[in-house]
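Scroll down for the structure; my scribbles are underneath it.
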Amino acid sequence: MKDDNTVLPFPQESMMNLTFLRLMALMTALSGMVAAGGSAGISIPYVNTPQTRQAYAEATRLLRQGNLPQARQIVVDVVTATAARLPPCVTTQNFDFGTNTYFPLGEALRFYQTVPGGRVNYYELRPDGAYRIWQAVPKEPKDKGSGKTVASRVFGVDQTDMEQCGHAPNDRGTLAFYNDVPFNADFRYGFLKPNGERVVVGDWQVKQNLGEIRQRGLSIFHILPGETVKH
């Protein structure tokens, strides 16, 4: 319940002494919307808070020090707490038990992620917030050729009936992938090649609760063999 002298910075309606906030106005006030560069009429949702700005500063510091795993963990954690909670822009009845996270090699500030519920998201952490650049319902790719973008050869973005919003990224190179299947207590990581081939370099059963692992200050996003940090 708000104090009678409080002025809220968005439209409100009162009924039986209760204040109802218009959902979209509330989301705009709490997160914000910014127009995507170069494409009129398309907006990219983002969340700009002290938490996101601090995470960006810490992640970039870690990248300068060469600590790629911890930088990735910080970025995923802050996105999970902010941009990943934005209302979805696509609907799906698909269901997937696992979470797949994909980073461009050597990078930490942007990543793809598929989550239980059947959506794929592409996020970027920037100095002014955590952005959900793209969201879609994945399709089985029709062409996994190496000349295709990641969005096309992994998620089938080039299909005309694909439900999506935002801007699909143009990555075409190898990605680092991390596959977490909690029901099997299984965690795998490795390379996702341009031709769609997965090369697993680590495959182990999670023996400890992930919360305990995190309390010890460890990252689940291991650096891959030969991977060099980009910052």
Side-chain angles (χ1 to χ4, degrees), residues 63 66-73 75-76 79-80 84 90 92 94-125 132-207 210 213 218-231:
L63 288 173
N67 192 341
L68 184 61
Q70 201 62 39
R72 284 174 170 168
Q73 190 70 65
V75 171
V76 171
V79 166
T80 299
V90 298
T92 176
N94 298 333
F95 190 77
D96 184 0
F97 289 105
T99 297
N100 294 279
T101 305
Y102 308 85
F103 286 95
L105 290 183
E107 297 189 39
L109 298 177
R110 60 192 189 96
F111 64 96
Y112 303 78
Q113 191 170 68
T114 61
V115 295
R119 296 183 182 90
V120 58
N121 303 279
Y122 171 70
Y123 299 107
E124 292 184 3
L125 182 61
R132 189 186 70 201
I133 305 295
W134 176 62
Q135 185 177 82
V137 179
K139 298 278 189 178
E140 181 64 29
K142 293 181 177 179
D143 182 359
K144 297 184 179 181
S146 59
K148 297 286 187 176
T149 65
V150 168
S152 175
R153 60 182 162 82
V154 179
F155 306 115
V157 72
D158 53 352
Q159 300 186 46
T160 57
D161 61 343
M162 185 176 194
E163 188 177 359
Q164 59 181 308
C165 59
H167 291 281
N170 292 318
D171 294 300
R172 297 176 185 271
T174 298
L175 301 180
F177 82 84
Y178 303 87
N179 174 228
D180 180 18
V181 185
F183 290 97
N184 295 333
D186 185 45
F187 187 83
R188 302 174 184 176
Y189 56 98
F191 296 99
L192 179 64
K193 296 293 189 66
N195 62 0
E197 177 190 5
R198 289 174 182 255
V199 179
V200 176
V201 300
D203 185 356
W204 47 281
Q205 297 291 311
V206 180
K207 301 297 184 182
L210 287 181
I213 294 175
L218 302 177
S219 170
I220 65 173
F221 298 107
H222 308 281
I223 194 166
L224 301 185
E227 194 175 13
T228 58
V229 180
K230 298 178 182 178
H231 54 81

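- A distance-only check finds a donor-acceptor pair linking the side chain of R119 to the backbone of V90 [under 3.5 Å].
- For the atom pair N179 CG and N100 CG, the distance stands at 4.5 Å (nearest 0.5 Å).
- Applying the salt bridge (Lys or Arg N to Asp or Glu O under 4.0 Å) test to every pair with at least one member in residues 103-117, sequence neighbours left out, gives these pairs: E107-R110, R110-D171.
- Scored by the ring-ring contact (aromatic ring centres under 6.0 Å, His included) test, Y102 finds F155 as partners (sequence neighbours excluded).
- Here the closest heavy-atom approach between residue T174 and residue P194 is recorded as OG1-CD, 3.2 Å.
- Screening residues 222-231 for salt bridge (Lys or Arg N to Asp or Glu O under 4.0 Å), with sequence neighbours left out, gives R72-E227.
- Taking both residues in full, the closest heavy atoms of W134 and Q164 are given as NE1-OE1, 3.0 Å, listed atom of the first, atom of the second, then distance.
- Contact check for V79 versus Q113: no side-chain heavy atoms found under the 4.5 Å cut-off.
- Closest approach of P69 to S219, counting heavy atoms only: O-OG, 2.7 Å.
- The ring-ring contact (aromatic ring centres under 6.0 Å, His included) check on F111 picks up F103, Y123, with sequence neighbours excluded.
- For V201, the side-chain contact (heavy atoms from CB on, under 4.5 Å) test picks out Y189, F191, L224, P225, with sequence neighbours left out.
- Atom OH of Y178 and atom NE2 of H222 lie 8.0 Å apart (nearest 0.5 Å).
- For Q135, the side-chain hydrogen bond (donor to acceptor under 3.5 Å, both in side chains) partners two or more places apart in sequence, or in a different chain, are N121.
- The shortest side-chain heavy-atom distance between L105 and L175 does not fall under the 4.5 Å cut-off.
- Across T80 and V76, no two heavy atoms sit closer than the pair OG1-O, 2.7 Å.
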Run L63 and L68 through side chain to side chain contact (heavy atoms under 4.5 Å, CB included) and show every step you take. CA-CA 6 Å; L63 288 173; L68 184 61; 3.7 Å; yes

